[in-house]
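We count residues from 1, following the sequence as given. For the numbers below, each heavy atom of this structure counts, side chains included, while hydrogens, waters and symmetry mates do not.
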Amino acid sequence: MDNQKETALKLLEEIRKENEGQFEVETFEESDKQGVILKADYAEAAVTVYFLDFTVMELRVMAGGEEPVFYLHFELNDEEHARELYREMKESLIAQKDARMKHALLCCSCGLTTSFFAMKLNEAAKSMELDLDFEAVSYEKLYEAAKDKDIVLLAPQIAFQQKNAESILKDKIVMTVPTPIFSGYKVFDMITLVNEKLSGQQKAEGTETASPVNALNQATGSVLVVSVINMEGRNQIAYRIYDNGVKTMESQSVKPSYRFSDIMDMIRVVTEMKPEIETICLVTPGYVNHGKLTYESAGIYDLDVIKEITDAFGRKVYLFNDSDMIALGYYLEKGEGEDIAFYFVPTGSYSGNIGIVANGSLIRSAKHMGGRQLEPVSNITTFPRNPYVLMNTPEGSVELAARFITGLISYTGIEHIAFYCKMIPDLEPLNHLVDVLIPDGYEPRLYKVDSIREYLYLGTLEALKKE
């Protein structure tokens, strides 16, 4: 403890000195914690060290919203590792400077008329010294380009797409440009309208993230479930503690990138605070094969996860695929005893993942591909256009999903299929195309799911019972 505290105090002093002159720096000290706050006019970061039976460092970046854009806590065992994570936090803080600029996206059928309008709007915004820029794209690139935009402006000729856009881009302002403004290239009227919409934007409601120290000290539990979920380019590494199946605590870390060491840091903090935890379960995307994980986007290849966690923490350890657990949880909640398939299409995937429960049991795929059976199927499936283009629009996503669901029905005969796909806001077009592709009398019943998190945890608890 003394060595950890000495290291923590040294790091805090280094951080304070390093950032004086670059940010407004404040320090604070209480009986059980000490920290440094870095303030800028666009964001704020805090490095907090908790002195318990061991030392925990918490890194947080807030940028005006209720939820942190970066959040991480870990036991301070390795000084260089702590410096590396601090550097990631500082990079996230500095990145928020560009985020102060408001970004508008203009969209029309092919992007030609909006490109000229965007050029004129940018010239005017620059001359007026506004923190506002405009980009123009064609409709097929709308959803990909909108990820980092604040407001989406649809040309009048695609006004009929506004309902879909609002359903998919729920955290964005979406509007159709009035015809007189668009057809007359009325630059100042457009800028005035955009500023009015942005200034009137309501902050999204969020739940306050409790201090991991105070909250965990109130919780008891014997099972720790850690889940990895990619949400719009940010990786959420979340955990829950369960006591006899009852949730007693949950929290999460938020980072742009994800590494296996982040999971180990989280487990280390929680198990140090709650030594009574007996079982650790990791639920993650990727290929799960006899305790080994391959998850390419995180740079993990054939890693013996169960051995790594068991050796480090001495608990029972289980590893599950996220799609499998979602399917099992959905079956328990909504399946009503029927065989079901859950088709899960994460953002950025065109094939999606599949979990199947038949006769009450999860069907394990060849080599425990863990929900990713549809990737090789895509190699022998005919698509009307390039699937990487199709996945960027609601219409294209329907084309893709209908073909994969048709293949699923052909091979399994399952009649109850639930699906999660942010790019398909309305069930009816998918139902229609599946009816076209599948002969009369063999069409499945499709059910759209808007949230998967609770199904994932429910399925995980059920899987642990059967292990």
Side-chain angles (χ1 to χ4, degrees), residues 3-4 7-8 11 14-15 45-50 52 54-61 68-93 95 209 212-213 216 224-231 233-241 250-275 277 279-289 291-322:
N3 289 337
Q4 285 186 335
T7 298
L11 287 172
E14 288 179 7
I15 292 169
V47 180
T48 306
V49 177
Y50 295 90
L52 307 170
F54 58 102
T55 302
V56 174
M57 178 171 278
E58 177 187 87
L59 307 174
R60 184 193 302 256
V61 178
V69 295
F70 185 103
Y71 180 75
L72 197 64
H73 56 269
F74 54 93
E75 184 180 355
L76 211 170
N77 280 323
D78 186 318
E79 183 175 339
E80 192 50 45
H81 181 53
R83 283 195 176 91
E84 182 181 352
L85 294 175
Y86 156 70
R87 286 192 289 269
E88 286 188 40
M89 183 209 74
K90 187 173 178 179
E91 288 174 3
S92 177
L93 171 61
T209 304
V213 177
L216 276 170
L224 169 63
V225 180
V226 179
S227 64
V228 180
I229 302 174
N230 184 281
M231 300 294 287
R234 292 195 304 166
N235 290 279
Q236 295 182 359
I237 305 174
Y239 70 78
R240 281 188 181 178
I241 298 173
E250 65 180 335
S251 186
Q252 67 181 27
S253 296
V254 181
K255 290 183 63 185
S257 59
Y258 152 62
R259 295 172 299 183
F260 185 67
S261 61
D262 297 325
I263 290 175
M264 297 295 278
D265 285 340
M266 175 173 281
I267 295 173
R268 184 171 290 108
V269 169
V270 178
T271 54
E272 287 279 2
M273 290 183 173
K274 306 302 299 178
I277 289 173
T279 303
I280 300 170
C281 181
L282 173 60
V283 186
T284 174
Y287 295 96
V288 173
N289 185 15
K292 294 183 178 180
L293 173 66
T294 295
Y295 183 28
E296 298 94 332
S297 65
I300 298 173
Y301 297 92
D302 204 31
L303 177 66
D304 195 335
V305 167
I306 289 184
K307 183 177 187 304
E308 291 279 338
I309 299 177
T310 301
D311 289 350
F313 304 106
R315 268 81 166 183
K316 295 178 183 177
V317 180
Y318 298 94
L319 175 66
F320 299 125
N321 170 266
D322 58 345

In Å and rounded to the nearest 0.5 Å, what is the [atom1] to [atom2] distance from [X] to [Y]?
X: L319; Y: I280; atom1: CG; atom2: CD1; value: 12.5 Å
X: L72; Y: S253; atom1: CG; atom2: OG; value: 4.5 Å
X: T7; Y: D78; atom1: OG1; atom2: CG; value: 10.0 Å
X: E58; Y: Y71; atom1: CD; atom2: OH; value: 4.0 Å
X: S251; Y: H73; atom1: OG; atom2: NE2; value: 5.0 Å
X: T310; Y: Y318; atom1: OG1; atom2: OH; value: 10.0 Å

Would you indicate whether the side-chain heavy atoms of [Y] and [X] approach each other to under 4.5 Å?
X: V47; Y: L11; result: no
X: M89; Y: R60; result: no
X: D322; Y: V228; result: no
X: E75; Y: M57; result: no
X: F70; Y: L59; result: yes
X: F54; Y: Q4; result: yes
X: T284; Y: N321; result: no
X: Q252; Y: Y239; result: no

> Yes or no on salt bridge (charged side-chain N to carboxylate O under 4.0 Å, His left out) for E272 and R268, after CA distance, side-chain angles and deciding distance?
Replying inline: CA-CA 6 Å; E272 287 279 2; R268 184 171 290 108; over 6 Å; no
> Do E88 and R259 sit within salt-bridge range, that is, some charged N less than 4.0 Å from a carboxylate O?
Replying inline: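 Salt bridge present between E88 and R259.
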Atom pairs and distances, donor-acceptor, side-chain atoms in residues 298-309, under 3.5 Å, two or more places apart:
| from | atom 1 | to | atom 2 | distance (Å) |
| --- | --- | --- | --- | --- |
| D304 | OD1 | K307 | N | 3.1 |
| K307 | NZ | D311 | OD2 | 2.8 |

> Shortest non-hydrogen contact from M266 to V226?
Replying inline: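 Closest heavy-atom pair between M266 and V226: SD-CG1, 4.2 Å.
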>> Quick one about Y287 and E296 (side-chain donor to acceptor, distance below 3.5 Å, no hydrogens or angles considered), yes or no?
In response: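 Note: E296 and Y287 side chains miss the donor-acceptor criterion.
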> Strictly by modelled atom types, are H81 and D265 linked by a side-chain donor-acceptor pair under 3.5 Å?
Replying inline: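 Distance-only check passes for H81 and D265.
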>> Is there a side chain to side chain contact (heavy atoms under 4.5 Å, CB included) between D262 and L85? Walk through the geometry before answering.
In response: CA-CA 10 Å; D262 297 325; L85 294 175; 4.3 Å; yes
> Checking side chain to side chain contact (heavy atoms under 4.5 Å, CB included) for the pair I263/L282: CA distance, chi angles, key distance, verdict?
Replying inline: CA-CA 9 Å; I263 290 175; L282 173 60; 3.7 Å; yes
>> One pair to check against salt bridge (charged side-chain N to carboxylate O under 4.0 Å, His left out): R87 and E80. What are the steps and the verdict?
In response: CA-CA 11 Å; R87 286 192 289 269; E80 192 50 45; 3.2 Å; yes
> Hey, is the main chain of F313 close enough, under 3.5 Å, to the side chain of R315 for a donor-acceptor pair?
Replying inline: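 Present.
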> Can you check side chain to side chain contact (heavy atoms under 4.5 Å, CB included) on S92 and V69, steps first, answer last?
Replying inline: CA-CA 8 Å; S92 177; V69 295; 4.0 Å; yes
